[in-house]
Amino acid sequence: MSNQAKKITPALPRGMRDYLPDQMAVRQKIIETLRRVFELYGFQPLETPAMERLEVLSGKYGEEGEKLSFRVMKRGAELERALEKVKAGEAPVSELCDMGLRYDLTVPLARVVAMYRDKLPLPFKRYQIGPVWRADRPQHGRYREFTQCDVDIVGTEELSYHTKFMDAEILCLVMDVFSALNIEIDIRISSRKLLEEICEISGISNDKFDDFCQALDKYDKGGMKLVVEDLKLRGINLSTQGIIFLRELSELNTSKIILSIDQIKNKIVNNSKGEFQDSIGCFDLKELFETIFSLRPSMASKFLLFDPMLARGLDYYTGTIFEITTKDKNLRQSFGSIGGGGRYDGLVEKFIDKSFPAIGISFGIDRIIDILLIEGKEIEMATGGAIAIISQSQDSPHTPSPQSISQAGYVQDLLHLKGISAYISPYYGYRLGKQIETAVRMKARFVLIIEDGVSIDKEDVSFGIKRLSTGEQRRLTLDEAVKWIKETEQ
RNA sequence: GUGAGUGUAGCUCAGCUUGGAUAGAGCGCCAGGUUGUGGCCCUGGUGGCCGUGGGUUCAAAUCCCAUCACUCACCCCA
């Protein structure tokens, strides 16, 4: 009966993926590398639910983020009631939903800090790895469900020096992570405070700041011309002076970082008509770069860039911002950024009446994996267990004798006790070629052959053990086999 | 949300322009060659509502319309 029923098409939700065992091996290895670095720096793991109450999520990401959030409908009677209200025009459609899938891991962290502020040590250094969801249109390197790996420090205003130090610590960690992964990257760094100052001097009002940032973000793609055009589209007409100022900034040679920050400071002070005596953005950035240069001199000069044109999209950033891309231009073009983050001092304050300085980085694990695979970096293959137990005898076709099976079970149990993964071939009793072929396909590293008429309860009984990667076969006792298997583990 | 492209076997694709008889290939899968030890080779076999619905026609994988799905670009980002 059931086989006549209409079949359900096996398919995934758009933009979401399965990770098959081979892919999982790669993922787990990379995640392991990251985790190791995080723990070296003293970060602790955290997990939070996939769903959050809608009010926790909303109002944190900006208009675009709002649109791209997956929402979850109310249920039961509550849904009925909301439906009535919406139909009657008494409530907006959004009234039908009360929860949403998390859009990133930063807002949930802010919620956690707000909820457990008395229990958590400050500064709170945590990492979190898990899926986030965005209702984007998928493209290469862009998914609707993807794994984010966040490392954040939530500090306390009482420790004012450490508060500044946090940014440098996060950036050092980023450099260490990519060194461990052996990926060549650039870290572009700027500051929202600097952008605010630039925005003001260019003659753009404060309420257009987000538009200004998003327009500025276009610089990478189409230069100053595109930025000006984009600003126009957003209803911002720059004064000639403003355009000249921005052009000067964009053409600034930033190869000498500290020097160029000083130059920008001067430009800001000069262009401000006496409004600015100094630039807080520049001051902070200079301090940050100097700190990193003293912590990790060689790495810093290799990876760090100062980019006054960097903007970043999320609303909640308040200070230092940065973005990670590969040095390889093609990869950079096709994947975009593989990580990014910044300072978000005001986020916890959206929940409670206390503010916590905080900074974090988000690694785009999926893109990092894609890049490692493209670059052909060697990644350990999955193994489906050390040893497959197969039978030489075929008592009656495909039906091994109870005696033969109990021998296999006995051997398997002994191997397990010695910590060797071992399983009885699903084709146990089929012709040998078939059993070996299957063992290869199931990614076993060895096969052990139970021969006809062996009494295996004797101490010194030996078996044919074949190493599948080389084809080498030896006759060994179980102890010797265990030794061989362990030797060949890398 | 806007624009473009693609849907044919488990997978990658050919065929479509110019409609015509049992819709092909490679890979995979299954069986055998192999009285029993995988990968190579050879032989045979399995496998298709040609995305879905409608239209044109004596006749549609092929032409037209609609629809859905996927891919790419924009947007935005990880």
Checklist entry - Base, sugar-phosphate alone, or nothing: which one does A/Phe335 contact when heavy atoms must sit under 4.0 Å apart? => result nothing
Checklist entry - Of all residues at least two apart in sequence or in a different chain, which pass the side chain to side chain contact (heavy atoms under 4.5 Å, CB included) check with A/Cys149? => result A/Leu34, A/Phe38, A/Ile129, A/Phe363, A/Ile365
Checklist entry - What form does the base of B/G36 take, syn (within 90° of 0) or anti? => result syn
Next on the checklist: Within the 4.0 Å heavy-atom criterion, would you say A/Asp136 contacts the bases, only the backbone, or no part of the nucleic acid?
Outcome noted: base
Item to check | Set of ring-ring contact (aromatic ring centres under 6.0 Å, His included) partners for A/Phe306, sequence neighbours left out | outcome: none
Next on the checklist: Categorize A/Gln139 for me: base, sugar-phosphate, or nothing, with a 4.0 angstrom heavy-atom threshold over every strand shown.
Outcome noted: base
Next on the checklist: In whole Å, I'd like the distance from the NZ atom of A/Lys67 to the P atom of B/C77.
Outcome noted: 12 Å
Checklist entry - Atom CZ of A/Arg188 to atom C1' of B/A78: distance rounded to whole Å? => result 16 Å
Protein-nucleotides 3-7 of chain B N/O pairs closer than 3.5 Å?
residue: B/G3; atom: O6; partner: A/Arg137; partner atom: NH1; Å: 3.4

Item to check | Separation of B/A78 P from A/Ile371 CD1 (nearest whole Å) | outcome: 14 Å
Next on the checklist: Taking any heavy-atom pair under 4.0 Å as a contact, classify A/Arg134: base, sugar-phosphate, or nothing.
Outcome noted: base
Next on the checklist: Over all strands shown, is A/Gly339 touching base, sugar-phosphate only, or nothing at heavy-atom distances under 4.0 angstrom?
Outcome noted: sugar-phosphate
Checklist entry - How does protein reach along nucleotides 27-32 of chain B, written 5' to 3' as B (base within reach of a heavy atom under 4.0 Å), S (only sugar-phosphate), or - (no contact)? => result --SS-S
Checklist entry - Given B/A78, B/G38, B/C76, which nucleotide is nearest the side-chain atoms of A/Gln214? => result B/C76
Item to check | Partners meeting salt bridge (Lys or Arg N to Asp or Glu O under 4.0 Å) with A/Asp284 (sequence neighbours left out) | outcome: A/Lys193
Item to check | Integer-rounded Å distance: B/U37 C1' and A/Glu451 CD | outcome: 11 Å
Item to check | Residues A/Arg475 and A/Glu451 bridged, charged N to O under 4.0 Å | outcome: yes
Checklist entry - Looking across every strand, which nucleic acid part, if any, lies under 4.0 Å from A/Ile390 by heavy atom: base, sugar-phosphate, or nothing? => result nothing
Checklist entry - C1' atom, B/U37 versus B/A25: distance in rounded Å? => result 34 Å
Next on the checklist: Taking any heavy-atom pair under 4.0 Å as a contact, classify A/Arg17: base, sugar-phosphate, or nothing.
Outcome noted: nothing
Next on the checklist: Suppose you measure atom P in B/C41 against the same atom in B/U8; what distance do you get, rounded to whole Å?
Outcome noted: 28 Å
Item to check | A/Asp211: partners by side chain to side chain donor-acceptor pair (under 3.5 Å), with sequence neighbours left out | outcome: A/Arg234
If you look only at distance, which donor and acceptor atoms sit under 3.5 Å apart when one is on a side chain in residues 94-101 of chain A and the other is two or more places apart or in another chain?
residue: A/Asp98; atom: OD1; partner: A/Arg75; partner atom: NH2; Å: 3.4
residue: A/Asp98; atom: OD2; partner: A/Arg75; partner atom: NH2; Å: 2.9

Checklist entry - Hey, are A/Glu437 and A/Arg441 close enough for a salt bridge, meaning a charged N less than 4.0 Å from a carboxylate O? => result yes
Next on the checklist: Does A/Gly464 reach a base, just sugar-phosphate, or nothing at all? Heavy atoms under 4.0 Å.
Outcome noted: nothing
Checklist entry - Just by distance, with hydrogens left out, do A/Tyr219 and A/Asp230 show a side-chain donor and acceptor under 3.5 Å apart? => result no
Checklist entry - Which part of the nucleic acid, if any, lies within reach of A/Gly141 when heavy atoms closer than 4.0 Å are counted: base, sugar-phosphate only, or nothing? => result base
Checklist entry - To the nearest angstrom, how far is A/Ile465 atom CD1 from B/U37 atom C1'? => result 13 Å
Checklist entry - Taking only residues two or more places apart in sequence, or in another chain, which ones meet A/Glu197 in a side chain to side chain contact (heavy atoms under 4.5 Å, CB included)? => result A/Leu194, A/Ile268, A/Phe276, A/Ser279, A/Ile280
For nucleotides 42-45 of chain B, print each protein N/O atom paired with a nucleotide N/O atom at under 3.5 Å, atom names and distance only.
none

Checklist entry - Is any side-chain N of the basic residue among A/Asp210 and A/Lys208 closer than 4.0 Å to the acidic one's carboxylate O? => result no
Checklist entry - With a non-hydrogen cut-off below 4.0 angstrom, is A/Ile324 in contact with a base, only sugar-phosphate, or nothing? => result nothing
Checklist entry - Looking at residues at least two apart in the chain, or sitting in another chain, which of them share a ring-ring contact (aromatic ring centres under 6.0 Å, His included) with A/Phe446? => result A/Trp484
Item to check | Interatomic distance where CZ belongs to A/Arg142 and P belongs to B/C72 [whole Å] | outcome: 10 Å
Side-chain donor/acceptor pairs under 3.5 Å, residues 130-139 of chain A, sequence neighbours excluded:
residue: A/Trp133; atom: NE1; partner: A/Glu145; partner atom: OE2; Å: 2.9
residue: A/Arg134; atom: NE; partner: A/Tyr103; partner atom: O; Å: 3.1
residue: A/Arg134; atom: NH2; partner: A/Tyr103; partner atom: O; Å: 3.1

Next on the checklist: Once salt bridge (Lys or Arg N to Asp or Glu O under 4.0 Å) is applied, what residue pairs with a partner in residues 361-371 of chain A remain, sequence neighbours excluded?
Outcome noted: A/Arg17-A/Asp366, A/Arg27-A/Asp366
Checklist entry - In whole angstroms, how far is the C1' atom of B/A78 from the CZ atom of A/Phe322? => result 13 Å
Next on the checklist: Between B/G10 and B/G19, how many Å separate the two C1' atoms, rounded to a whole number?
Outcome noted: 30 Å
Item to check | A/Lys466 side-chain proximity, nearest of B/C76, B/G38, B/G36 | outcome: B/G38
Next on the checklist: If I take atom CZ in residue A/Arg14 and atom P in nucleotide B/C68, what distance separates them, rounded to the nearest angstrom?
Outcome noted: 11 Å
Checklist outcome for this item: Among B/U71, B/A78, B/G36, the one nearest any side-chain atom of A/Leu432 is B/G36
